[in-house]
Amino acid sequence: MHSRYFIILLLVLFTINSFSQTTIIDSITKNGVSFATVSFGNGNGIFADDDGKFFFTKKLYSDIDSLFVSALGYKDVKLASKTLKDTLYLTPQSDLLDEVIVTAKPSGKHKEVTLKPTAHDDYYKCWLPTIESEIAVFFPNTDNKPKHVTKVLIPIKTEAKDWDKRGKSNKAKRPFSTLFRVQFYENNNGQPGDVLTYEKVIFIATQDTKPVFEFDVSGFDVFIPKDGIYISIQVLGFTDKNGKLLPNKKYQEVKTRRGIVKVSTTFRPLLPFTDQISEKTTFVKRVFQNNGQWVLFDKKNIDNSNLLNAGLNNYGMGLKMEVYKEQ
């Protein structure tokens with residue numbers, strides 16, 4: 001009898017310790033808040049998935065006492081990790097949502113204009129995407145004509161150019177499925193400002209994605225403001241075969257003789273950077289650090305960057321848009 005109760009007790013404890021899923025819910029609609037940011041306050045953090053679910057246990061994150069939860073259009077929440085429950089409610093920030101300008105789509109004649117991307121296939125001149133980083137590129141508005149963004153042209157690099165020279169030509173290239181988020185920002189005195197849409201704008205890249213991915217965003221009715229627009233790309237993490245975001249950690253923990261070393265988790269595909277653009281148009285931010293402040297991708301702002309040391313200052317994103325007559 002004692003052994004039976006002991007087994008039951010172990011099962012109960014295992015259930016309590018292994019339960020780690022929390023769902024972030026909109027307090028009004030009761031829908032899950034997709035891809036909310038869960039910061040740990042120490043430069044680390046994770047993302048909720050499409051349904052607002054994330055995994056957190058003291059076993060995985062033994063040194064984390066507080067969580068800071070945020071999402072576009074919602075009030076931030078801070079709570080102690082020991083008080084985390086299976087449901088967490090976020091309150092919509094109506095004053096922010098009211099600031100988003102809804103622009104009626106112009107009618108009449110228009111022309112298709114393409115701002116070509118700058119891409120290359122040099123594996124060593126690419127950004128290694130991490131879950132903490134967001135990259136934004138500036139596109140000016142050179143006249144007063146309404147411009148409707150229809151496609152974002154995203155350069156990517158799936159494998160090393162010299163794969164066949166590395167003694168790996170007979171090996172199958174490892175498949176992957178990576179979820180990206182694209183966001184649109186106003187120009188706020190020369191850096192990304194307020195978001196232009198709170199809609200969920202995401203795509204998945206795999207080992208079979210073309211070198212320039214044409215992401216159709218025509219359905220989001222994004223128009224370029226008079227002061228220009230910043231368009232960003234951010235890794236959310238790897239997905240399963242059904243496109244569901246998997247739990248992804250910012251760091252991998254590697255055991256060494258000196259103890260546990262944290263190594264930044266990188267995600268495929270890589271993002272080609274270039275020195276073929278004269279003006280510096282690229283900003284970056286580390287989502288879980290410095291309060292998510294944007295920084296111009298330049299040597300005066302960022303130390304120890306191999307890309308900057310090689311003169312690769314920009315990510316060569318392109319656009320397709322409908323340009324209408326002045327209204």
Side-chain angles (χ1 to χ4, degrees), residues 114-141 149-161 176 178-188 190-193 195-196 201-205 209-217 222 224 228-237 264 266-287 289-290 292-321:
T114 299
L115 303 179
K116 293 183 179 180
T118 304
H120 60 72
D121 60 1
D122 191 334
Y123 185 85
Y124 299 101
K125 295 182 179 180
C126 292
W127 178 288
L128 298 174
T130 62
I131 204 167
E132 63 175 337
S133 300
E134 186 175 355
I135 301 170
V137 177
F138 178 63
F139 295 92
N141 192 347
V149 180
T150 57
K151 290 185 178 180
V152 182
L153 309 180
I154 302 170
I156 67 171
K157 177 64 179 166
T158 56
E159 296 289 356
K161 181 180 179 181
F176 65 88
T178 304
L179 186 67
F180 284 89
R181 172 166 53 188
V182 171
Q183 297 191 103
F184 305 91
Y185 298 94
E186 292 180 342
N187 178 10
N188 180 20
Q191 67 178 22
V195 295
L196 291 171
V201 188
I202 57 174
F203 71 91
I204 291 176
T209 301
K210 294 181 179 180
V212 174
F213 178 70
E214 295 194 6
F215 182 34
D216 189 342
V217 296
V222 175
I224 299 182
I229 190 172
Y230 284 89
I231 301 179
S232 77
I233 181 172
Q234 179 186 22
V235 165
L236 296 176
S264 292
T266 57
F267 295 82
R268 299 162 69 203
L270 285 69
L271 305 179
F273 269 54
T274 180
D275 58 2
Q276 300 301 306
I277 301 173
S278 57
E279 296 184 7
K280 296 174 182 177
T281 61
T282 300
F283 280 72
V284 297
K285 75 174 178 180
R286 302 179 71 179
V287 176
Q289 294 189 17
N290 302 321
Q293 297 298 309
W294 289 102
V295 175
L296 178 67
F297 192 62
D298 185 80
K299 291 184 72 172
K300 67 181 181 182
N301 299 322
I302 300 172
D303 297 325
N304 303 320
S305 167
N306 292 333
L307 292 176
L308 288 174
N309 290 336
L312 305 166
N313 291 87
N314 288 301
Y315 178 50
M317 186 187 293
L319 285 184
K320 287 188 178 182
M321 54 189 175

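All residue numbers refer to positions in the sequence shown, counting from 1. None of these values were measured; they are calculated from a predicted model.
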**Student:** Check each of Val217, Leu196, Leu319 against Ile231 using the side-chain contact (heavy atoms from CB on, under 4.5 Å) test, and report the only one that passes.
**Tutor:**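 Result: among Val217, Leu196, Leu319, Leu319 is the only option passing the side-chain contact (heavy atoms from CB on, under 4.5 Å) with Ile231.
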
**Student:** Verify, without hydrogens or angle tests, whether Tyr230 (side chain) and Val195 (backbone) share a donor-acceptor contact under 3.5 angstrom.
**Tutor:**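 It does not hold such a pair.
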
**Student:** Are the side chains of Phe139 and Val149 in contact, using a 4.5 Å heavy-atom criterion?
**Tutor:**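 Not in contact.
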
**Student:** Please examine the side chains of Thr282 and Asn313, heavy atoms only from C-beta on, and report whether any two atoms are closer than 4.5 Å.
**Tutor:**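 No, side chains not in contact.
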
**Student:** Which value, rounded to the nearest 0.5 Å, describes the distance between Gln234 atom CD and Leu179 atom CG?
**Tutor:**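 So the gap between those two atoms works out to 10.0 Å.
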
**Student:** Please examine the side chains of Val222 and Ile229, heavy atoms only from C-beta on, and report whether any two atoms are closer than 4.5 Å.
**Tutor:**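 Contact flag for Ile229/Val222 side chains = yes.
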
**Student:** So how far is it from Leu236 CG to Ile202 CD1, rounded to the nearest 0.5 Å?
**Tutor:**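 One gets 7.5 Å once the value is rounded to the nearest 0.5 Å.
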
**Student:** Just verifying a value: how many Å separate Gln276 CD and Leu312 CG, rounded to the nearest 0.5 Å?
**Tutor:**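 With rounding to 0.5 Å, CD (Gln276) is 9.5 Å from CG (Leu312).
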
**Student:** Answer whether the closest heavy-atom distance between the side chains of Lys320 and Leu153 falls below 4.5 Å.
**Tutor:**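 Yes, their side chains come closer than 4.5 Å.
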
**Student:** Measure across Asn188 and Gly193 and return the closest heavy-atom pair with its distance rounded to 0.1 Å.
**Tutor:**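 Smallest interatomic distance, heavy atoms only, reads CB-CA, 3.6 Å.
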
**Student:** Please check if the side chain of Asn314 supplies one atom and the backbone of Thr281 the other of a donor-acceptor pair under 3.5 Å.
**Tutor:**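 Yes, the answer is positive, given that a donor and an acceptor are paired below the 3.5 Å cut-off.
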
**Student:** Do Pro269 and Phe213 come close enough that some side-chain heavy atom pair is under 4.5 Å?
**Tutor:**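 Pro269 does not reach Phe213 side chain to side chain.
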
**Student:** Quick one: closest heavy-atom pair of Ile224 and Met321, and the distance?
**Tutor:**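 It is CD1-SD, 3.7 Å.
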
**Student:** Within the 4.5 Å heavy-atom criterion, are Ile135 and Val284 side-chain neighbours or not?
**Tutor:**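 Counting from C-beta outward, Ile135 and Val284 do come under 4.5 Å.
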
**Student:** For atom CG of Asn304, is the number of surrounding heavy atoms from other residues, nucleotides or ligands below 6.0 Å larger than 12?
**Tutor:**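 At most 12 heavy atoms, drawn from other residues, nucleotides or ligands, come within 6.0 Å of this atom.
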
**Student:** What is the ring orientation for Tyr185 with Trp294, classed by angle as parallel under 30°, tilted 30 to 60°, or perpendicular over 60°?
**Tutor:**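 Plane angle over 60°, so perpendicular.
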
**Student:** Is any side-chain heavy atom of Phe180 less than 4.5 Å from a side-chain heavy atom of Ile154?
**Tutor:**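 No, side chains not in contact.
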
**Student:** Where do Ala119 and Pro155 come nearest, in terms of heavy atoms and distance?
**Tutor:**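 For Ala119 versus Pro155, the nearest heavy atoms are CB-CB, 3.9 Å.
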
**Student:** Where does the angle between the aromatic ring planes of Phe273 and Phe297 fall among parallel (under 30°), tilted (30 to 60°) and perpendicular (over 60°)?
**Tutor:**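 Taking Phe297 first and then Phe273, their aromatic rings stand perpendicular (interplane angle over 60°).
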
**Student:** Within the distance-only criterion (no hydrogens, no angle test), does the side chain of Asn301 pair as donor or acceptor with the backbone N or O of Leu296 below 3.5 angstrom?
**Tutor:**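 Yes, because the side chain of Asn301 sits within donor-acceptor range (under 3.5 Å) of the backbone of Leu296.
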
**Student:** Out of curiosity, Gln191 CD to Gln293 CD, how far, rounded to the nearest 0.5 Å?
**Tutor:**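 With rounding to 0.5 Å, CD (Gln191) is 7.5 Å from CD (Gln293).
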
**Student:** If you take all heavy atoms of Pro129 and Val235, which pair is closest and at what distance?
**Tutor:**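 Taking every non-hydrogen atom into account, CB-CG2, 3.4 Å.
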
**Student:** Which distance, rounded to the nearest 0.5 Å, do you find between the CZ of Arg268 and the OG1 of Thr158?
**Tutor:**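 Between Arg268 CZ and Thr158 OG1, I get 7.0 Å after rounding to 0.5 Å.
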
**Student:** Can His120 and Cys126 be said to form a side chain to side chain contact (heavy atoms under 4.5 Å, CB included), step by step?
**Tutor:** CA-CA 9 Å; His120 60 72; Cys126 292; 4.1 Å; yes

**Student:** Any side-chain heavy-atom pair from Val201 and Gln183 closer than 4.5 angstrom?
**Tutor:**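 A side-chain contact is absent here, since even the closest heavy-atom pair is not under 4.5 Å.
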
**Student:** Working to the nearest 0.5 Å, report the span between OG1 of Thr274 and OH of Tyr315.
**Tutor:**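 Between Thr274 OG1 and Tyr315 OH, I get 11.5 Å after rounding to 0.5 Å.
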
